[in-house]
Amino acid sequence: MKVTQHIENAKGNTLFSFEIIPPQKGKSIQELYDNIDPLMEFNPPFIDVTTSREEYIYIDKGNGLLDKKLTRMRPGTLGICASIKHKYNVDTVPHVLCGGFTKEETEYLLVDCNYLGIDNVMALRGDAMKDEQYFIPKAGGNDYAVDLVKQINLLNQGKYLHEVMDIDNKADFCIGVAGYPEKHLESPSLQSDLKRLKEKVDAGADYVVTQMFFDNSKYFNFVEKAREMGITIPIIPGIKPIAVQRHLQVLPQIFRIDLPEDLIHAVSQCKNNAEIKQVGIEWAIQQSLELKAAGVPVLHYYSMGKSENIRQIASKVF
Ligand code: FAD
């Protein structure tokens with residue numbers, strides 16, 4: 001079922017959902033199941049599965065030289081979506097990227113999604129690779145998420161990249177896109193980023209999931225501005241609990257988001273990681289309760305492969 005349909009069926013009640021990351025190449029899927037199992041009691045109508053960008057790895061050739069190879073360290077998004085859908089009878093949302101894929105490869109992926117009965121896809125550009133200064137699309141690939149949304153929307157109308165006759169299995173994907181309450185890091189301003197978001201909506205996006213934020217006022221302000229701009233689709237807040245000291249440095253650095261002083265202070269008073277984790281859980285509970293009271297359609301948690309903190313949060317919120 002489509003994410004938008006789940007939201008409609010909930011009749012104003014806030015739903016619980018979360019995002020998982022495929023395991024590293026060579027690791028079993030069991031750890032993923034072990035982390036999903038405890039979250040199923042909160043009845044997530046859908047689970048997102050991320051797609052990793054390719055990255056360069058360096059292989060020692062044994063003669064003091066290194067071989068540089070481009071590889072995807074966490075493949076398997078679609079396989080995981082299919083297996084979770086089957087095992088838990090829950091909708092899964094594969095993240096589909098511009099980066100690293102040609103339009104043709106994207107079309108093949110979408111055809112597979114359609115065969116697997118996957119009704120939702122999250123359309124994303126992807127970040128620049130570590131040793132790139134800015135995002136470079138693959139030759140023959142989509143430049144921006146808006147181009148990917150257009151491609152998916154055309155497929156929804158039965159328009160493949162090359163003409164196909166006698167279609168009797170038309171795709172009908174519900175399309176999610178990313179939104180940034182504190183603006184995307186490359187964007188000159190929130191207003192300009194919101195215009196880009198509006199372009200994705202006009203191209204056919206059905207709902208938005210936001211980047212993580214730790215101050216709800218950023219989300220409320222973002223939604224207000226989006227509505228003023230004529231964006232009427234659901235805007236689902238993304239929540240990530242702080243779990244380790246390092247998050248205080250890396251989250252603002254990677255995502256260009258602000259951490260509230262009170263949160264920084266609370267973490268700095270902690271004596272160990274267990275205490276930090278607890279502060280993160282408490283913060284996320286307070287955020288979630290306020291967002292739920294404000295009537296958000298879904299609370300979407302970034303689990304980063306670990307579910308214990310999300311379980312503790314959900315048990316207080318749902
Ligand atoms: P876009 O919407 O294309 O925007 C990228 C930038 O370009 C923005 O600054 C925007 O303002 C600007 N822009 C947009 N259109 C144009 C245009 N036509 N001309 C000029 N500028 C333009 N990354 C992964 O690798 N895998 C994942 O699974 C993944 N999941 C995510 C899930 C969520 C909910 C979020 C919020 C992010 C996720 N990301 C993921 C990260 C995402 O790929 C990055 O944030 C990426 O840098 C931007 O992706 P986007 O889809 O927002 O890009």
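What you see is a predicted model, and the numbers here were worked out from it, not measured in a lab.
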Between Glu186 and Arg125, does any side-chain N to carboxylate O distance fall below 4.0 Å? yes
What pair of heavy atoms forms the shortest contact from Val208 to Ala178, and how long is it? CG1-C, 4.0 Å
For Thr210 and Pro237, which heavy atoms make the closest approach, and how far apart are they? OG1-CA, 3.5 Å
Test item: Glu182 side-chain N/O and Phe213 main-chain N/O as donor-acceptor pair under 3.5 Å: no
So for atom CD, which belongs to Gln249, do other residues, nucleotides or ligands contribute more than 12 heavy atoms lying within a distance under 6.0 Å? yes
Can you check whether Ile59's main-chain N or O pairs, donor with acceptor, with Asp67's side chain at less than 3.5 Å? no
Once side-chain hydrogen bond (donor to acceptor under 3.5 Å, both in side chains) is applied, do any residues pair with Asn63, and if so which ones, sequence neighbours excluded? none
With no hydrogens and no angle check, do the side chains of Gln30 and Asp34 hold a donor and an acceptor under 3.5 Å apart? yes
Checking Gln312 now: which residues fulfil side chain to side chain contact (heavy atoms under 4.5 Å, CB included) with it, not counting sequence neighbours? Gln278, Ile281, Glu308
Trace of the side chain to side chain contact (heavy atoms under 4.5 Å, CB included) decision for Leu70 with Met129: CA-CA 10 Å; Leu70 193 58; Met129 284 194 292; 3.7 Å; yes
Do the side chains of Val209 and Tyr302 get nearer than 4.5 Å, heavy atoms only? yes
Any non-hydrogen side-chain atom of Ile310 less than 4.5 Å from a side-chain atom of Leu39? yes
Lys2 and salt bridge (Lys or Arg N to Asp or Glu O under 4.0 Å): which single residue from Asp172, Asp91, Asp206 fits? Asp172
Could you check whether atom NZ of Lys195 has more than 12 heavy atoms from other residues, nucleotides or ligands sitting under 6.0 Å from it? no
Specify the closest pair of heavy atoms between Pro94 and Cys113, including all atoms of both residues, with the distance to one decimal. CG-SG, 4.0 Å
Going by heavy atoms in the side chains, are Phe255 and Leu185 under 4.5 Å from each other? no
Report yes if some heavy atom in the side chain of Ile36 is under 4.5 Å from a heavy atom in the side chain of Ser303; otherwise report no. no
Would you please name every residue forming a salt bridge (charged side-chain N to carboxylate O under 4.0 Å, His left out) with Glu55, sequence neighbours left out? Lys130
Is there a donor-acceptor contact under 3.5 Å from the side chain of Ser17 to the main chain of His300? no
Would you say Asn89 has more than 12 foreign heavy atoms packed within less than 6.0 Å of its CG? no
Sidechain-backbone polar pair: Gln5 side chain, Met1 backbone, donor-acceptor under 3.5 Å: no
When you look at Val298 and Phe46, which way does the side chain to side chain contact (heavy atoms under 4.5 Å, CB included) test go after all the steps? CA-CA 10 Å; Val298 183; Phe46 62 94; 4.0 Å; yes
Hey, could you give me each pair passing ring pair (Phe, Tyr, Trp, His ring centres under 6.0 Å) that has a residue in residues 121-177? Not counting sequence neighbours. none
Any donor-acceptor pair under 3.5 Å linking the side chain of Asp215 with the backbone of Pro260? no
ILVMFWY cluster, Val93 and Val177 together (side-chain gap under 4.5 Å): no
Please tell me if the side chains of Asp131 and Lys68 come closer than 4.5 Å, counting only heavy atoms from C-beta onward. yes
Can you check whether Leu65's main-chain N or O pairs, donor with acceptor, with Lys61's side chain at less than 3.5 Å? no
For the side chain of His247 and the backbone of Ala243, is there at least one donor-acceptor N/O pair under 3.5 Å apart? yes
Let me confirm one number: the NZ-CD distance from Lys183 to Gln211, rounded to the nearest 0.5 Å. 12.5 Å
May I ask you to test the Leu194-Leu197 pair for a side-chain heavy-atom distance under 4.5 Å? yes
Judged by atom type as modelled, is there a donor-acceptor pair below 3.5 Å linking the side chain of Lys103 to the main-chain atoms of Leu161? no
Over 60° means perpendicular and under 30° means parallel, so tell me whether Phe16 and Phe318 are parallel, tilted or perpendicular. perpendicular
With a 4.5 Å heavy-atom cut-off, do Ser192 and Ser187 have their side chains touching? yes
Would you list the pairs meeting salt bridge (Lys or Arg N to Asp or Glu O under 4.0 Å) in which at least one residue belongs to residues 230-253, sequence neighbours left out? none
If you take all heavy atoms of Lys170 and Gln157, which pair is closest and at what distance? CD-C, 3.8 Å
I'd like to know whether Lys277 forms a side-chain hydrogen bond (donor to acceptor under 3.5 Å, both in side chains) with Asn273, so could you lay out the CA-CA distance, the side-chain angles of the two residues, the decisive distance to 0.1 Å, and finally the verdict. CA-CA 6 Å; Lys277 205 168 158 186; Asn273 268 343; over 6 Å; no
CG/Leu263 to CG/Asp258 distance, rounded to the nearest 0.5 angstrom? 11.5 Å
Sidechain-backbone polar pair: Lys85 side chain, Leu116 backbone, donor-acceptor under 3.5 Å: no
For the pair Glu31 and Lys306, find out whether any cationic side-chain nitrogen is under 4.0 Å from an anionic carboxylate oxygen. yes
Minimum heavy-atom distance between Ser288 and Val317, given as atom pair plus value: CB-CG2, 3.6 Å
Worked verdict on Lys218 versus Phe222 for side chain to side chain contact (heavy atoms under 4.5 Å, CB included): CA-CA 6 Å; Lys218 309 263 182 187; Phe222 176 71; over 6 Å; no
Same cluster for Ile257 and Leu248 if Ile/Leu/Val/Met/Phe/Trp/Tyr side chains link at under 4.5 Å? yes
Sub-3.5 Å donor-acceptor pair from the side chain of Arg53 to the main-chain atoms of Gly126, do we have one? no
Mind checking salt bridge (charged side-chain N to carboxylate O under 4.0 Å, His left out) for Glu8 and listing every partner two or more places apart, or none if nothing turns up? none
From CG (Leu251) to CZ (Arg256), nearest 0.5 Å: 13.0 Å
Hydrophobic clustering (ILVMFWY, side-chain heavy atoms < 4.5 Å, transitive) - are Ile313 and Val279 grouped together? no
Going only through I, L, V, M, F, W and Y residues with side-chain contacts under 4.5 Å, is there a path from Val3 to Val296? no
Crowded around Tyr58 OH? As in, over 12 foreign heavy atoms under 6.0 Å? yes
Taking everything shown except Lys87 itself, do over 12 heavy atoms lie less than 6.0 Å from its NZ? yes
Would you compute the distance between atom CE of Met212 and atom OH of Tyr180 and round it to the nearest 0.5 angstrom? 10.5 Å
Residue pair Thr77, Leu109: steps toward the side chain to side chain contact (heavy atoms under 4.5 Å, CB included) verdict: CA-CA 10 Å; Thr77 301; Leu109 177 72; over 6 Å; no
Are Ile242 and Phe214 packed together at the side-chain level, in the sense that at least one heavy-atom pair is separated by less than 4.5 angstrom? yes
Show the nearest heavy-atom pair for residues Asn169 and Asn114, with the distance to one decimal. O-ND2, 3.2 Å
Flag yes if Tyr33 and Ile21 sit in one hydrophobic cluster, no otherwise; membership is Ile, Leu, Val, Met, Phe, Trp, Tyr, and two members link when side-chain heavy atoms are under 4.5 Å apart. no
Is it true that Arg196 and Glu199 make a salt bridge, defined as a side-chain N closer than 4.0 Å to a carboxylate O? yes
